Amino acid sequence: MKVAIVGAGIAGPTLAYWLWRCGHEPTLIEKAPRLRTGGYAVDFWGGGYGVAERMGLTPELHAAGYAVQELRLVDRNSRKVGGFSAELFRRNLDGRFVTLPRGDLAAMIHRSLEDRVETLFGESVSAIAQHDAGALVTFERGQSRQFDLVVGAGGIHSPVRGLVFGPESTFEVDLGYRVAAFEAEGYQPRDELVYLAYSTPGRMVSRFAMRGEKTLFLFVFTADHMSGPDPHDASGVKTTLSHVFGDAGWECPEILRELDRAPEVYFDRVSQIVMDRWSQGRVALVGDAAAAVSLLAGEGTGLAMVEAYVLAGELSRAGADHREAFRRYERRLRPIVEARQRSARAFASMFAPKTSLGLWTRNQASKLLDIPWVAGRIVGREFRDDIGLPEYVAQR
């Protein structure tokens with residue numbers, strides 16, 4: 001089948017890889033002029049790690065990623081007030097755990113496609129017309145192309161979901177937090193292989209030293225810290241962050257000065273996507289477009305890869321019956337995703353507790369993870385992935 005995949009982040013290229021392996025003809029459609037690089041760092045383990053293994057990406061994952069040694073929580077004087085060793089997590093996960101920039105993971109997945117899959121950069125979809133034999137996709141520039149199926153893989157703000165299922169507001173659940181991230185070069189201090197975070201009630205800023213003298217900064221804060229609506233451009237984001245973190249203390253004055261010089265900054269709501277169904281006719285959704293667990297959930301990237309792998313496999317098993325494939329795909333994964341969403345709603349407040357008591361409790365609780373048997377139980381309950389990857393027969 002000819003399958004249009006709208007979005008070339010994580011889920012889209014993963015789906016394209018497995019569809020190609022199963023003998024189909026996928027086309028990736030990406031509105032950005034090129035692959036997005038860098039981005040916030042993700043912890044990668046579980047089912048997504050298993051999919052990456054089957055794609056032969058494990059050596060590249062660890063070469064590009066970081067073996068973080070410690071999560072360190074500090075006060076305004078940089079004194080440690082909480083945190084734990086990441087080595088305990090890595091050991092309990094048999095080494096199948098790595099931290100890397102999300103854009104780097106997307107790039108290595110796309111490289112695995114080589115020249116075998118067509119990618120249309122700088123292109124957006126303006127309309128999708130379904131009929132008995134397929135779907136006619138119209139692009140913003142006016143051209144149209146015929147496909148057998150269309151898959152929306154454009155993330156939480158998926159244009160395909162908007163065109164086929166309805167407006168984003170119908171499905172978005174705002175968890176009440178905002179997140180921003182940017183990179184700076186030459187920032188000091190660095191604290192190699194330490195994810196270092198500072199919090200005040202309702203606000204958190206963290207930094208992580210990367211290769212090439214770069215440092216990644218992440219801001220998380222409750223929406224009630226903003227004095228107006230969400231900003232819609234880089235200038236507005238910088239103004240908002242200066243307002244929210246200007247009096248926060250610690251290294252915030254230096255970090256905000258770096259922010260002023262940053263050419264790019266990421267900003268978004270911390271939201272989930274909750275839908276009654278992930279497909280309609282010949283159109284399906286995958287990854288955050290279907291069921292975002294939220295950026296703070298910790299496993300959205302891996303889930304996106306699992307969903308892409310399963311969707312491709314079920315399409316292969318079902319032959320020409322895409323409706324049966326979509327039904328099996330959703331039946332297999334919906335309980336897992338909904339459980340992750342429930343967990344994420346409870347876990348989000350750990351990033352930026354809203355009260356001083358909440359901060360103190362979070363910091364004290366984090367120290368318990370330095371106790372091996374406690375870490376083992378937590379990893380066993382929350383991090384040992386219960387997603388069993390099905391075995392699908394690939395043709396190539």
Side-chain angles (χ1 to χ4, degrees), residues 1 3-7 9-12 14-15 19 47-48 125-132 134-135 137 147-177 268-315 317-318 321-348 385-388 390:
M1 291 185 290
V3 184
I5 304 170
V6 184
I10 299 295
T14 304
L15 177 62
L19 284 175
V125 174
S126 61
I128 300 170
Q130 300 189 60
H131 52 83
D132 290 343
V137 173
F147 295 92
D148 296 296
L149 302 174
V150 179
V151 179
I156 200 167
H157 306 299
S158 166
V160 170
R161 189 184 61 234
L163 288 170
V164 177
F165 296 84
E168 185 173 305
S169 58
T170 306
F171 311 109
E172 182 186 19
V173 178
D174 186 345
L175 299 187
Y177 294 85
D268 208 348
R269 296 182 294 274
V270 177
S271 300
Q272 295 182 338
I273 295 296
V274 179
M275 304 183 71
D276 291 334
R277 65 184 188 278
W278 299 346
S279 65
Q280 183 169 303
R282 290 179 174 271
V283 179
L285 302 173
V286 69
D288 283 353
V293 293
S294 90
L295 182 145
L296 302 183
E299 202 181 0
T301 300
L303 280 173
M305 293 185 72
V306 171
E307 290 167 31
Y309 171 82
V310 170
L311 177 55
E314 293 299 342
L315 283 168
R317 272 186 183 170
D321 190 350
H322 64 275
R323 289 182 178 84
E324 177 64 13
F326 291 166
R327 187 183 68 80
R328 290 178 183 172
Y329 153 68
E330 186 168 343
R331 185 180 63 189
R332 182 181 289 274
L333 292 176
R334 178 177 282 278
I336 296 167
V337 169
E338 289 181 346
R340 296 293 189 277
Q341 287 182 325
R342 288 192 296 271
S343 249
R345 288 193 286 271
F347 186 67
D385 210 315
D386 55 1
I387 303 174

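Everything quoted here is computed from the prediction, not taken from an experiment.
A donor-acceptor pair is defined here as one N or O able to donate and one able to accept, closer than 3.5 Å; no such pair exists between the side chain of Glu172 and the backbone of Ile156. Between the Gln341 side chain and the Gln272 main chain, no donor and acceptor come within less than 3.5 Å of each other. Panel note: side chain Tyr309, backbone Pro390; a donor-acceptor pair is recorded below 3.5 Å.
The minimum heavy-atom distance between Gly154 and Ala289, with the atom names listed, is N-CB, 4.3 Å. Closest non-hydrogen pair, Val293 versus Gly300, comes out as CG2-CA, 3.8 Å. Smallest separation of non-hydrogen atoms from Ala11 and Gly287: CB-CA, 4.2 Å. Minimum interatomic distance between Ala308 and Val286 (heavy atoms only, all atoms of both residues): N-CG2, 3.6 Å. In terms of heavy atoms, Arg332 sits closest to Pro335 at O-CD, 4.1 Å. Annotation for Asp276 and Glu330: closest pair O-OE2, 3.6 Å, computed over non-hydrogen atoms.
Here the OG-CG distance, from Ser169 to Asp174, works out to 12.0 Å after rounding to the nearest 0.5 Å. The CZ atom of Arg282 sits 8.5 Å away from atom CE of Met1, with the distance rounded to the nearest 0.5 Å. From Phe147, atom CZ reaches atom CD1 of Ile128 across 10.0 Å, with rounding to the nearest 0.5 Å. To the nearest 0.5 Å, the span separating CG on Leu15 from CG on Leu315 amounts to 7.5 Å. If you take CZ on Arg334 and CD on Glu307, they are separated by 10.5 Å, rounding to the nearest 0.5 Å. For the atom pair CD1 of Ile10 and CG of Leu303, the computed distance is 12.5 Å after rounding to the nearest 0.5 Å.
Looking at heavy atoms from C-beta onward, Phe171 lies out of side-chain contact with Leu285 at the 4.5 angstrom threshold.
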side-chain contact (heavy atoms from CB on, under 4.5 Å) evaluation trace for Leu19 with Ile5: CA-CA 10 Å; Leu19 284 175; Ile5 304 170; 4.0 Å; yes
Set out, in order, the CA-CA distance, both residues' side-chain angles and the distance that settles side-chain contact (heavy atoms from CB on, under 4.5 Å) for Trp278 and Val337, then state yes or no. CA-CA 12 Å; Trp278 299 346; Val337 169; 4.1 Å; yes
Worked verdict on Asp148 versus His322 for side-chain contact (heavy atoms from CB on, under 4.5 Å): CA-CA 9 Å; Asp148 296 296; His322 64 275; over 6 Å; no
How far apart are the C-alpha atoms of Phe165 and Val283, what are their side-chain angles, what is the distance that settles it, and do they pass the side-chain contact (heavy atoms from CB on, under 4.5 Å) test? CA-CA 10 Å; Phe165 296 84; Val283 179; 4.2 Å; yes
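The closest side-chain donor-acceptor pair between Asp268 and His157 falls under 3.5 angstrom.
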